[in-house]
Amino acid sequence: MAALCRLRPCRSTANATMSHLHTSSHVCAKQHYKMLVLGGGSGGITMSARMKRMFGAEHVAVVEPSEMHYYQPIWTLVGAGAKTVASSGRPTASVMPSGVQWVKSKVQEINPDTNTVRTDDGTEISYEYLIVALGIQLHYEKIKGLPEGFEHPKIGSNYSIQTVEKTWKALQDFKEGNAVFSFPNTPVKCAGAPQKIMYLSDAYLRKTGKRAKANVIYNTSLPVLFGVKKYADSLWEIVKRCDLQVNLRQNLIEVRADKQEAVFENLDNPGETKVFEYEMLHVTPPMGPNLVIKGSPLADQAGWLDLNKDTLQHNKYPNVFGIGDCTSLPTIRTAAAVAAQSAVLNRTISKILKKEKPDKTYDGYTSCPLVTSYNTGILAEFDYNGQPLETFPINQAKERRTMYHLKADFMPQLYWHGLLRGLWGGPGPYRKLLHLGMK
Ligand code: FAD
Ligand code: UQ1
């Protein structure tokens with residue numbers, strides 16, 4: 001039926017008139033799945049692998065429009081020329097658990113009161129249980145002059161497959177002047193990524209003998225360099241050592257790409273703006289809730305998927321769950337967080353199927369491997385309270401070679417072969433083992 005619906009797109013029954021319903025030659029019968037997963041990114045594929053084990057493949061479907069699945073964390077290194085963009089993507093078909101139905105469409109509407117969703121080709125799918133994993137929405141268009149400004153050189157953004165290679169081109173073409181890096185006035189995914197590319201760019205300019213002719217500038221909307229003091233202290237040391245200019249509470253509002261000018265607003269003095277001429281600009285776009293969720297009864301007031309922060313069950317609809325960047329969970333949005341959430345969510349759903357109370361709670365674990373050059377990194381790991389929750393029994397705020405390799409070489413393998421197969425639930429159990437006998 002799924003294949004038939006894709007061949008012969010049908011109208012939504014919600015839009016159909018009664019006469020249409022009774023006389024139409026082709027009214028698409030509803031598809032139904034015990035477990036429907038919305039989004040086939042990190043969280044969606046991970047949970048579909050786990051749900052296949054719980055429900056059986058034939059009872060699980062994933063709605064995802066994209067032909068390609070990307071390992072986004074590696075884009076930081078693609079933007080700095082240390083990895084190829086090709087290495088970041090694999091066909092969605094190759095990561096979809098075998099036997100699970102891939103509905104290659106966009107979700108347009110979620111109706112939790114009728115346990116249905118409608119896709120952009122008008123197909124209606126009903127479910128018994130729903131997992132929402134629709135990610136966070138990028139809003140380049142909220143910066144005046146973008147996205148069309150990306151048609152010019154000297155500007156890039158590691159946050160999108162379309163613009164990540166432009167970062168590397170701008171870095172290679174750098175001659176002299178300002179290298180400017182932005183952080184928007186919204187929640188973002190991987191809050192460390194906007195500054196990781198600055199450290200890598202600084203290292204590249206040093207390696208190529210251009211650093212003396214460059215001002216490296218980080219203009220961030222935040223009032224801090226990083227939200228967890230332990231790691232912020234280390235990062236400030238690096239900023240000092242490398243002579244990087246950090247300006248807090250500065251928000252990118254306009255790019256005049258033809259003139260190579262970026263306009264920042266002072267958030268502490270609204271209306272006050274400053275124009276930076278740039279030789280290179282890296283844009284981290286404003287981000288926000290997925291608009292399909294925002295327009296549905298599943299959203300909280302701000303538009304995020306309204307979840308219980310311990311169990312990842314929806315606060316109003318008990319057969320709805322969520323994972324990852326689209327959720328209201330008050331932690332930094334990362335794939336590492338998705339890993340830890342996937343183990344908790346698996347447990348929550350298995351308990352609910354047995355009509356028992358969910359008993360495992362998510363502590364907010366998230367992690368940001370902060371690459372600080374082409375061979376060093378800091379591994380920030382922390383919980384809901386911003387308390388460090390480190391896996392290894394060493395001081396992870398110290399720059400180390402091992403942490404660079406963990407990010408560049410080990411994490412992609414763990415992602416493709418562990419997380420996406422539903423076999424990696426985050427480092428929690430290993431942390432406990434590695435810290436045995438320690439205070
Ligand atoms: P995504 O993986 O983004 O998946 C969302 C999916 O939903 C997408 O496939 C999308 O096509 C689909 N979708 C959207 N709308 C619809 C719709 N209407 N219908 C159907 N499908 C839809 N994390 C780390 O742990 N460590 C890092 O070092 C790190 N670095 C990063 C660096 C960069 C530059 C970026 C961009 C991200 C980084 N991340 C990192 C973050 C990490 O990639 C995300 O947190 C993670 O992918 C979130 O998973 P998700 O499933 O919530 O969202
Ligand atoms: C992690 O589990 C994960 O998901 C696969 C990441 O995403 C790419 C990470 O960046 C990190 C750091 C973790 C945590 C894993 C370890 C071994 C500390």
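Read the numbers this way: they start at 1 and go in the same order the structure lists the ligands and their atoms.
Between Glu64 and ligand 1, at least one N/O pair is under 3.5 Å apart. For ligand 1, none of its N or O atoms has an N or O atom of Gly324 under 3.5 Å away. At a 3.5 angstrom cut-off on N or O pairs, Gly43 counts as close to ligand 1. In terms of polar-atom proximity, defined here as any N/O pair under 3.5 Å, Ala335 does make such a contact with ligand 1. Residue Tyr159 places no N or O, backbone or side chain, under 3.5 Å from any N or O of ligand 1.
Defined by atom type and a distance below 3.5 Å, a donor-acceptor pair is present between the side-chain atoms of Tyr317 and Asp113.
Contact annotation: the side chain of Tyr404 never approaches that of Ser373 to less than 4.5 Å [non-hydrogen atoms, C-beta and beyond]. Within the 4.5 Å cutoff, no side-chain heavy atoms of Arg118 are placed close to those of Val292. Under the 4.5 Å side-chain criterion, counting only non-hydrogen atoms from C-beta, Val246 is in contact with Trp236. Annotation: side chain of Pro412 is in contact with side chain of Ile74 (closest heavy-atom distance under 4.5 Å).
With a heavy-atom cut-off of 4.0 Å, Val292 touches ligand 1 through its side chain alone. When heavy-atom distances to ligand 1 are checked against a 4.0 Å cut-off, Leu38 has no atom that comes that close, whether in backbone or side chain. Under 4.0 Å from ligand 1, heavy atoms of Gln72 appear from its side chain as well as its backbone. At a heavy-atom distance under 4.0 Å, no atom of Met68 approaches ligand 1. No part of His69 comes within 4.0 Å of ligand 1, judged by heavy-atom distances.
We find that Glu390 and Arg431 are not joined by a salt bridge, their nearest charged nitrogen and carboxylate oxygen being 4.0 Å or further apart. Of the charged side-chain nitrogens involved, at least one lies within less than 4.0 Å of a carboxylate oxygen, so that Asp359 and Arg347 count as a salt-bridged pair. Under a 4.0 Å N-O distance rule, the pair Lys104/Asp121 does not qualify as a salt bridge.
Taking the six-membered ring for Trp and thresholds of 30 and 60 degrees, Trp75 and Tyr70 have ring planes inclined between 30 and 60 degrees apart. Ring pair Tyr218/Phe183 is perpendicular by interplanar angle, where above 60° counts as perpendicular and below 30° as parallel.
Asp325 OD2, 3.3 Å is the protein heavy atom nearest to atom 44 (C) of ligand 1. If you check which protein heavy atom lies closest to atom 19 (N) of ligand 1, you get Val107 N, 2.8 Å. Looking at atom 15 (N) of ligand 1, its nearest protein heavy atom turns out to be Asn290 ND2, 3.3 Å. Scanning the protein for heavy atoms near atom 26 (N) of ligand 1, the closest one is Pro369 CD, 3.8 Å. With hydrogens left out, the protein atom closest to atom 21 (N) of ligand 1 is Pro65 CD, 3.3 Å, a heavy atom. What sits closest to atom 34 (C) of ligand 1 on the protein, heavy atoms only, is Asn158 O, 3.4 Å. In terms of protein heavy-atom proximity, atom 14 (C) of ligand 1 is nearest to Leu134 O, 3.4 Å. When hydrogens are left out, the protein atom nearest atom 28 (O) of ligand 1 is Lys407 NZ, 2.9 Å; that is the closest non-hydrogen contact.
Nearest heavy atom pair, residue Gly303 against residue Pro289, reads O-CB, 3.2 Å. In terms of heavy-atom proximity, Lys407 sits nearest to Leu77 at CG-CD1, 4.4 Å. For the residue pair Met403 and Gly377, the shortest heavy atom distance occurs at CB-O, 3.4 Å.
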Let me have the donor-acceptor pairs involving side chains of residues 326-333, under 3.5 Å, with sequence neighbours excluded, atom names and distances please.
residue	atom	partner	partner atom	Å
Thr327	OG1	Gly324	O	2.8
Thr327	OG1	Leu329	N	3.4
Ser328	OG	Leu305	O	3.0
Ser328	OG	Leu307	N	3.1
Thr331	OG1	Gly364	O	2.7
Arg333	NE	Asp325	O	2.8
Arg333	NH2	Thr327	O	2.9

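Cation-pi geometry between Lys207 and Tyr374 is met: the NZ or CZ atom falls under 6.0 Å from the ring centre, inside 45° of the normal.
The residue from Ala336, Ala133, Cys190 that puts a heavy atom closest to atom 25 (O) of ligand 1 is Ala336. For the residues Pro73, Ala191, Ser42, the heavy atom positioned nearest atom 46 (C) of ligand 1 is part of Ser42.
Annotation for ligand 1: atoms under 4.0 Å from non-hydrogen atoms of Arg333 are 45 (O). Each of the following atoms of ligand 1 lies closer than 4.0 Å to a heavy atom of Thr76: 32 (C). Taking every heavy atom of Lys106 and a limit of under 4.0 angstrom, the matching atoms of ligand 1 come to 19 (N). Distances below 4.0 Å separate heavy atoms of Gly39 from the following atoms of ligand 1: 7 (O), 21 (N). Those atoms of ligand 1 with a heavy atom of Lys196 less than 4.0 angstrom away are 27 (C), 28 (O), 30 (N).
Aromatic pair Tyr204/Phe174: ring centres not closer than 6.0 Å.
Of the listed residues (Val320, Thr116, Asn115, Leu38), just one forms a side chain to side chain contact (heavy atoms under 4.5 Å, CB included) with Ile110, and that residue is Leu38.
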Which pairs of nitrogen or oxygen atoms, taken one from ligand 2 and one from the protein, are under 3.5 angstrom apart?
residue	atom	partner	partner atom	Å
ligand 2	2 (O)	Trp424	NE1	2.7

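Note that OG1 of Thr391 is 7.5 Å distant from NE2 of His435, once rounded to the nearest 0.5 Å. Atom CD1 of Ile293 is separated from atom CG of Leu134 by 4.5 Å, given to the nearest 0.5 angstrom.
Contact annotation: Cys368 has no heavy atom less than 4.0 Å from any atom of ligand 1.
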